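Note that the structure is a prediction, hence the values are computed from the model and not measured.
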Amino acid sequence: LALAVLGVAGGYKVARGQATTVAASDTVVTGLATVVSCVANLESDPVIGASWATAVKGDQAGTPAAGSILIKTWKPTASGDATPIAATTFTKLVNWIAVGT
(Lines give C-alpha, C1' and ligand atoms only; values in the text may rest on other atoms or scores of the structure.)
Protein backbone atom coordinates (compact mmCIF):
# COMPACT_ATOMS: atom_id res chain seq x y z
CA LEU A 1 0.00 0.00 0.00
CA ALA A 2 2.92 2.35 0.60
CA LEU A 3 3.71 2.13 -3.13
CA ALA A 4 0.12 2.76 -4.29
CA VAL A 5 -0.42 5.77 -6.51
CA LEU A 6 -3.38 7.90 -5.45
CA GLY A 7 -6.00 8.21 -8.15
CA VAL A 8 -4.94 5.01 -9.94
CA ALA A 9 -7.42 2.13 -9.78
CA GLY A 10 -6.38 -1.06 -8.02
CA GLY A 11 -4.27 -3.35 -10.18
CA TYR A 12 -3.03 -0.57 -12.46
CA LYS A 13 0.64 0.37 -12.74
CA VAL A 14 2.37 3.56 -13.82
CA ALA A 15 5.34 3.57 -16.20
CA ARG A 16 7.32 6.61 -17.25
CA GLY A 17 10.36 7.50 -19.26
CA GLN A 18 12.04 9.75 -21.75
CA ALA A 19 12.27 9.10 -25.47
CA THR A 20 14.39 10.70 -28.16
CA THR A 21 12.47 11.29 -31.37
CA VAL A 22 13.69 9.70 -34.61
CA ALA A 23 10.50 10.24 -36.65
CA ALA A 24 7.21 12.12 -36.40
CA SER A 25 5.67 8.98 -34.85
CA ASP A 26 7.85 6.78 -32.62
CA THR A 27 6.82 3.56 -30.88
CA VAL A 28 7.83 3.31 -27.21
CA VAL A 29 7.66 0.02 -25.30
CA THR A 30 6.45 0.93 -21.78
CA GLY A 31 7.02 -2.34 -19.94
CA LEU A 32 3.28 -2.59 -19.18
CA ALA A 33 1.16 -5.47 -20.48
CA THR A 34 -1.57 -3.12 -21.74
CA VAL A 35 -1.79 0.68 -21.73
CA VAL A 36 -5.11 2.33 -20.77
CA SER A 37 -3.95 5.96 -20.67
CA CYS A 38 -0.86 7.98 -21.62
CA VAL A 39 0.48 11.52 -21.85
CA ALA A 40 3.63 13.12 -23.27
CA ASN A 41 5.33 16.49 -23.29
CA LEU A 42 8.26 17.92 -25.16
CA GLU A 43 11.20 18.47 -22.81
CA SER A 44 13.49 19.89 -25.47
CA ASP A 45 12.85 23.50 -26.39
CA PRO A 46 10.32 23.85 -29.22
CA VAL A 47 11.70 24.71 -32.65
CA ILE A 48 9.98 25.44 -35.96
CA GLY A 49 10.31 21.77 -37.02
CA ALA A 50 9.07 20.27 -33.70
CA SER A 51 6.81 22.29 -31.43
CA TRP A 52 4.49 19.81 -29.65
CA ALA A 53 4.42 16.19 -28.49
CA THR A 54 1.46 13.88 -27.88
CA ALA A 55 1.06 10.27 -26.75
CA VAL A 56 -1.35 7.78 -28.32
CA LYS A 57 -2.28 4.41 -26.79
CA GLY A 58 -3.93 3.17 -29.97
CA ASP A 59 -5.89 -0.08 -29.99
CA GLN A 60 -3.25 -2.09 -28.05
CA ALA A 61 -3.80 -4.92 -30.54
CA GLY A 62 -1.64 -3.90 -33.46
CA THR A 63 -1.03 -0.16 -33.68
CA PRO A 64 0.80 0.05 -31.41
CA ALA A 65 1.31 -3.42 -29.96
CA ALA A 66 0.00 -4.14 -26.47
CA GLY A 67 2.12 -2.39 -23.84
CA SER A 68 3.44 0.22 -26.27
CA ILE A 69 2.52 3.83 -27.05
CA LEU A 70 3.14 6.14 -29.96
CA ILE A 71 4.96 9.41 -29.30
CA LYS A 72 3.98 11.87 -32.01
CA THR A 73 5.67 15.20 -32.61
CA TRP A 74 4.13 18.13 -34.44
CA LYS A 75 4.98 21.49 -35.97
CA PRO A 76 2.86 24.38 -37.25
CA THR A 77 1.81 24.25 -40.90
CA ALA A 78 3.26 27.67 -41.72
CA SER A 79 3.88 31.14 -40.36
CA GLY A 80 0.47 32.43 -39.36
CA ASP A 81 -1.10 28.93 -39.53
CA ALA A 82 -0.78 26.96 -36.28
CA THR A 83 -2.58 23.88 -37.66
CA PRO A 84 -0.43 20.92 -36.50
CA ILE A 85 1.32 18.72 -39.07
CA ALA A 86 3.96 16.01 -38.59
CA ALA A 87 7.29 17.26 -37.25
CA THR A 88 10.35 17.37 -39.48
CA THR A 89 13.01 18.00 -36.81
CA PHE A 90 14.05 15.07 -34.62
CA THR A 91 16.43 14.08 -31.77
CA LYS A 92 14.10 15.96 -29.39
CA LEU A 93 13.55 14.70 -25.84
CA VAL A 94 9.98 13.75 -24.91
CA ASN A 95 8.85 12.76 -21.40
CA TRP A 96 6.00 10.26 -21.21
CA ILE A 97 3.77 8.60 -18.60
CA ALA A 98 1.59 5.54 -19.20
CA VAL A 99 -0.97 3.81 -16.97
CA GLY A 100 -1.97 0.20 -17.51
CA THR A 101 -1.75 -3.37 -16.33
Side-chain angles (χ1 to χ4, degrees):
L1 194 55
L3 299 178
V5 177
L6 294 177
V8 176
Y12 284 117
K13 300 173 186 171
V14 176
R16 83 299 184 256
Q18 187 175 73
T20 301
T21 62
V22 295
S25 181
D26 296 305
T27 300
V28 174
V29 178
T30 67
L32 299 169
T34 303
V35 176
V36 298
S37 181
C38 57
V39 295
N41 72 292
L42 193 62
E43 179 166 304
S44 295
D45 291 336
V47 295
I48 293 298
S51 299
W52 307 282
T54 59
V56 178
K57 68 179 183 71
D59 62 14
Q60 293 291 290
T63 306
S68 296
I69 60 174
L70 298 175
I71 299 294
K72 294 186 174 188
T73 49
W74 307 91
K75 70 176 190 170
T77 298
S79 177
D81 183 355
T83 304
I85 61 173
T88 55
T89 300
F90 309 111
T91 68
K92 298 299 178 187
L93 298 178
V94 176
N95 298 320
W96 59 268
I97 300 172
V99 178
T101 57

Original post:
For the side chain of T21 and the backbone of K92, is there at least one donor-acceptor N/O pair under 3.5 Å apart?
Top reply: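 Checked: pair present.
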Original post:
Has D59 got more than 12 heavy atoms of other residues, nucleotides or ligands less than 6.0 Å from its CG?
Top reply: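 Yes, CG of D59 has more than 12 neighbouring heavy atoms, counting only those of other groups under 6.0 Å.
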Original post:
Does any N or O in the side chain of S44 come within less than 3.5 Å of the main-chain N or O of L93, such that one atom is a donor and the other an acceptor?
Top reply: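 Checked: pair present.
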**OP:** Could you list who else is in I48's hydrophobic cluster, with ILVMFWY side chains joined at under 4.5 Å, directly or through other members?
**Re:**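 Its cluster mates, by chain and number: none.
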Original post:
Are V22 and V28 linked, directly or through other ILVMFWY residues, by side chains that come within less than 4.5 angstrom of each other?
Top reply: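 Unlinked, V22 and V28 end up in two clusters.
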Original post:
What's the shortest heavy-atom distance between L42 and A53, and which atoms?
Top reply: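 Taking every non-hydrogen atom into account, N-CB, 3.8 Å.
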Show the atom names and distances, to 0.1 Å, of all donor-acceptor pairs under 3.5 Å that link a side chain in residues 66-79 to residues at least two apart or in another chain.
unit_1: W74; atom_1: NE1; unit_2: T54; atom_2: OG1; d: 3.0
unit_1: K75; atom_1: NZ; unit_2: T88; atom_2: OG1; d: 3.3
unit_1: T77; atom_1: OG1; unit_2: T83; atom_2: O; d: 2.5

Subject >> Partner of T30 by side chain to side chain contact (heavy atoms under 4.5 Å, CB included), out of I97, V35, V99 >> reply: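 Testing T30 for a side chain to side chain contact (heavy atoms under 4.5 Å, CB included) against I97, V35, V99 leaves exactly one candidate, V35.
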Subject >> Inter-residue atom distance N41.CG - N95.CG, 0.5 Å rounding >> reply: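 Separation between the atoms: 5.0 Å.
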